Structure formats: structure tokens, C-alpha cells
Amino acid sequence: MLQIPVLREQTELVIAGLEKRNFRDAAQQIQSILDLDQKRRSLQTERDELQSRANNLAKEIGGLMKSGQKEQAEQLKSETSDLKQRTKTLDEEVQQLESQLQEALYKIPNIPHESVPAGKSSEDNEVVLEHGAVPQLPENAQPHWELIKQYNIIDFELGIKITGAGFPVYKGKGARLQRALINFFLDEALKAGYDEVQPPILVNEASGIGTGQLPDKEGQMYHDAADNLYLIPTAEVPITNLYRDEIVSADKLPIKNVGYTPCFRREAGSWGADVRGLNRLHQFDKVEIVQIQTPENSYAALEEMSQHIQGLLQKLELPYRVLRLCGGDMGFTSALTYDMEVYSAAQGRWLEVSSVSNFETYQANRLKLRQRTEGGKPQLLHTLNGSALALPRIVAALLENNQTPEGIKLPKVLHSYSGFEMITK
RNA sequence: GGAGAGAUGGGUGAGUGGCUGAAACCAGCAGUUUGCUAAACUGCCGUACCUCUAAAGGGUACCGGGGGUUCGAAUCCCCCUCUCUCCGCCA
């Protein structure tokens, strides 16, 4: 969430940023937060002064009791009851204001970076670059949801039987391709200097709050009510929360982690025409890269992550483009997001396979993730993450773009990982 | 699932009502000593908020979380959460 001092000192910038997101009643909402903050501060000052007096009285009484001056002690005691009452009232008011403030702040999204284009929807995103040529397909080219049946590598019917829609079963070379891709992505991240972690895929409430999935978006996550745990929608959640409540010393930075996890999304209400096959699932695999960076270096790191992801797509020989998301399409917690989309030839569609974002201090403020600075106060760090990569749509594009009359050809880079070069009937 | 124990600062760990924001040790930082390393010695060494500010300073809160008793709570009482140990089960 945003920091109150920033709201106070850069009010105009904040409002302008929120308006770029088409955030409704930005000026009004910020003003009401500033009012709450103002009120809280003045009440707290008052409360602290009363408490200070009460503390002094308590000390005096202690002294009198010791020296046996009981009568004077009793007299002072009677003075404290009024103080106590007033302090208690103020205390309750301050607490109430604090929780109102907290609640209001949770509802304010991050401020977009200056390079974020204005815009309302995905149509307004800026195409930063396109790479690779659209492949020529044979005449009877099929979309991937047909190919997976023909080659018997991914089975949606079986998934429906054991779980439900959106939980496919990968079989034979389909399963081996998954494993190959995961290993390939992990190895590439290791080469790029990321440390591998394997986090839990169930997280508690505090973790969900830390990265911004809670309190507002619980409907997107599967929830285990018996234990109050959430299935992760992305490894971003457990990996970033590794550093929750940490004050990191500068020599440990930057932190670069990579992790493979399954991801779970309820995708409530989002089923429609564009979500056939592997395009949108309830469970899928993803390799995620996460960085904890100093404010000075975070945007350079974002570019570095973008390059890393593009490198993967190039090695997979997939045509892709990079989008800079507009204010209206960006995620709630992000300051700048690039989406990477591959061209899935048989569908004739661009498919999002990665999203890489700089959250600046927005998550760090919730996480209380800071660095120790010389001589000064601990300073909030910047968090970043990106998919590198999400598997299903990569698989969809690989299948569609590489279909030939003889079978589906895998890109060279995968051969040693998969143990086969071709998927045949 | 059953029984018990516990939760204190970066770590270990003392602390059963005021002298405890918290001993001691370790780690860390600065300095003295030193041919180098090591050792020894001295000092510093939590966080948040409020206030004030050029800086310093002052105030309040925090010993897992919440409530209570009391003039006064890390310390006493209640509730919750979590962790550990033993038993059971088990990849």
C-alpha cells in the first residue's frame, strides 16, 4: 500500500497517478484519507500527553508508598481515575481511526510509473516490440485443443472426471514436455544468477495480505477453510513473503529467487469464448522469478528481467511481442508492467505468457521489507517479479506453431530436456 | 487425533508487580592497541508512531495476538494463535 507521508507530501502526484488508472474519485478518496490521518495524529498527540501524565503519577505513587506516605498516595490515586478514563476513550478513537485508515489505504492501488501510458483497457496497451515471424502453417492446421486429442498428450475429460473443468491431465509426451520446460526455465534462471527455492503452495492470510491478494481479492484464490490457508495463484506470493518483516543488510542485495510451483486460480466468472483448451486453467505450472532491489536499481532490474524472459522465448523460437500495460490494464499493486505475448498461429491470437512488474515500495510497505541504511532509518525496498514462464500457453503455441504433417516438432533447445524431438501419433 | 511444554531484542538467554526498553553472552558497527592475522580493551548497537527540528532532543507504544486486574504489568488472570516434545497415523 501507499505510504501516508507520500500521500501527504506529494498529494497532487498521487492523484494524477490514480487518474491515469481511471481510479474513481481519486482526489476525494485521497482527501478523506488525509483527513483521517490529520485527525488521528492530533488525537494521538493528546492521548500520549495524558498517558505521560498518568505514567508520572504512577511513579510518584510508587515513591510515596515506599516511604510510607499512604495518605498522599491515596490522594494521587484518586486523580488518576479521570485520566485513565479519558485516555481510554481517546485510545479507542485512535484505534478506530487507524483501522479506518488501513482499510482505506488497502483500497488505493499503486501509482503508475511515469512511462505508463494512459488508457482504459487492454486495447490501449503500448506495443514495445515485436520479435519473430509468424509461421506458415499447413493447410489443415489445427488449434491446440484438437492437437492434444489427436496426439493424446493432454486430456481434459480425464481431468473433469477426477477434479473438474480446467484441471487437465498431462499424459505421455505431454507430461514429459511439461517436465522439460520446467527444467529448462529453471536452468536458464540459474544461469542468470537466480537462487532456486521451492516454497509451500499453501499460504496463510498474512502472506496473502503481504503481496496484495488479500483482503480484496480472496475470490480469486482457492481457500482451505478448515485451516484458513490459500492455494497460491502464483509463486510470487510465497517467494516474496519469504522476506516479510525483514530488515535486509545492503550487502545481501539484490535478492534474486526463482521457483517452480503449480498455480491455482478460481477464475470465477471469467469463462467465455476465449478460454478454450490451455488458454485459461484452474491449475497450471509456472516458473517465477522474484527480485528484491534497492530503489535506485529496481528499474534496471525490471529491464534485465524482461530481457531474460525474451531470451527464453527466443530460444523456444516463438514469435512474441512485448507490451507496456496502460494505466487501466495494470494490476492493482504494480507501478510498471510488461506483458509478453506469444503468437499462437492456429488460433491466430496473441497469448500472454509472462507478466513482469515492478511494485516499487507498494508490496514492501505491506511486507515491512526494508534495508538497513547507514546512519539512517530502515528504508523500504522494491519488489519485482515475473513469469519465466507460465507453461500452458507456451505449450499451446509450441503445438500450434510447430505442427507438420509428420508430427509436432520441438525447438532444438528442448531436445536434451525432453528426450525426444517430435511428437507423433 | 491424544497428552504436555513453551513464545522476551539479529541469535542464545535472564527476568514472578515499580529501580526493565529490558541483564549477560554471541554476532554487528566505530575506535585504541598492533609488522600482518588473531587476541585484548573502550564505546555504540531494536522498531513504529507523535511532537519538535537545520541537527540534536522530548513523548507514547511494543517482551506471540487480544482482553482484564492494578495508581503501576514482560511479570498476575482470561481467551486466541503459533511452535516444540512424546504417543498415534503416515509419503
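Quick note: numbers below take in every heavy atom, side chains included, and nothing from hydrogens, waters or symmetry partners. Each chain gets a letter, A, B and so on, in the order its sequence line appears, and its residues count up from 1. These numbers were taken from a predicted model, which means no experiment stands behind them.
Listed by first and then second residue, the salt bridge (Lys or Arg N to Asp or Glu O under 4.0 Å) pairs involving residues 14-25 of chain A amount to none (not counting sequence neighbours). Under the salt bridge (Lys or Arg N to Asp or Glu O under 4.0 Å) criterion, the residue pairs touching residues 289-313 of chain A are A/K256-A/E304, with sequence neighbours excluded. Judged as a salt bridge (Lys or Arg N to Asp or Glu O under 4.0 Å), not a single pair has a partner in residues 107-119 of chain A (not counting sequence neighbours). Under the salt bridge (Lys or Arg N to Asp or Glu O under 4.0 Å) criterion, the residue pairs touching residues 168-184 of chain A are A/D155-A/K171, with sequence neighbours excluded.
When the C1' atom is compared between B/G17 and B/A56, the two are found 36 Å apart, to the nearest whole Å. Only the P atoms considered, B/G9 is 30 Å distant from B/G1, to the nearest whole Å. Only the P atoms considered, B/U69 is 15 Å distant from B/C77, to the nearest whole Å. Going from the P atom of B/U8 to that of B/A23 covers 16 Å, rounded to whole Å. Using C1' as the reference atom, B/A40 and B/G4 are 47 Å apart when rounded to the nearest Å. Atom name C1', nucleotides B/C29 and B/C82: the rounded distance is 34 Å, in whole Å. Nucleotides B/A27 and B/G10 have their C1' atoms positioned 8 Å apart, rounded to a whole Å. A gap of 44 Å separates the C1' atoms of B/U47 and B/G35, to the nearest Å.
Side-chain atoms of A/E400 come within 3.5 Å of backbone N or O of A/Q347 as a donor-acceptor pair. A/H223 places no side-chain N or O within 3.5 Å of a backbone atom of A/Y230 that could act as its donor or acceptor partner. A/D124 places a side-chain N or O within donor-acceptor distance of the main-chain N or O of A/K120, the cut-off being under 3.5 Å. Here the side chain of A/S354 pairs a donor or acceptor atom with the backbone of A/S387 at under 3.5 angstrom. The main-chain N or O of A/L278 is found under 3.5 Å from a side-chain atom of A/H144 such that the two form a donor-acceptor pair. Judged purely by atom type and a 3.5 angstrom limit, A/N110 uses its side chain to pair as donor or acceptor with the backbone of A/T333.
Residues satisfying the ring pair (Phe, Tyr, Trp, His ring centres under 6.0 Å) test with A/H415, not counting sequence neighbours, are none. Partners of A/Y170 by ring pair (Phe, Tyr, Trp, His ring centres under 6.0 Å), not counting sequence neighbours: none found. Residues that satisfy the salt bridge (charged side-chain N to carboxylate O under 4.0 Å, His left out) test with A/R372, not counting sequence neighbours, are absent from this structure.
Under 4.0 Å is where a charged nitrogen must lie from a carboxylate oxygen, and between A/R41 and A/D37 at least one such pair does. One finds a salt bridge joining A/D82 and A/R86 here, because a Lys/Arg side-chain nitrogen approaches an Asp/Glu carboxylate oxygen to under 4.0 Å.
Within residues 79-86 of chain A, the residues approaching RNA chain B are A/T80, A/K84, by heavy-atom distance under 4.0 Å.
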*Using Watson-Crick or G-U wobble pairs with both distances under 3.5 Å, give me RNA chain B in dot-bracket, 5' to 3', with [ ] for crossers and | for pairs to another strand.*
((((((((.[[[..)..(.....]]].(((((.......))))).((((((.....)))))).[[[[[..)....]]]]])))))))....

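Among the heavy atoms of the strands, none lies under 4.0 Å from A/K39.
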*Could you write nucleotides 78-85 of chain B as a row of B, S and -, 5' to 3', where a protein heavy atom under 4.0 Å of any base atom gives B, of only sugar-phosphate atoms gives S, and otherwise -?*
--------

*Heavy atoms under 4.0 Å is the rule here; annotate nucleotides 46-66 of chain B 5' to 3' with B where the base is hit, S where only the sugar-phosphate is, and - elsewhere.*
SSSBSS-------BSS-----

_Trace of the side chain to side chain contact (heavy atoms under 4.5 Å, CB included) decision for A/L34 with A/L7_ = CA-CA 7 Å; A/L34 290 178; A/L7 258 49; 4.1 Å; yes

Below 3.5 Å is the cut-off: list the nitrogen or oxygen pairs between protein and nucleotides 17-23 of chain B, distance only.
from, atom 1, to, atom 2, distance (Å)
B/G18, N2, A/A58, O, 2.8

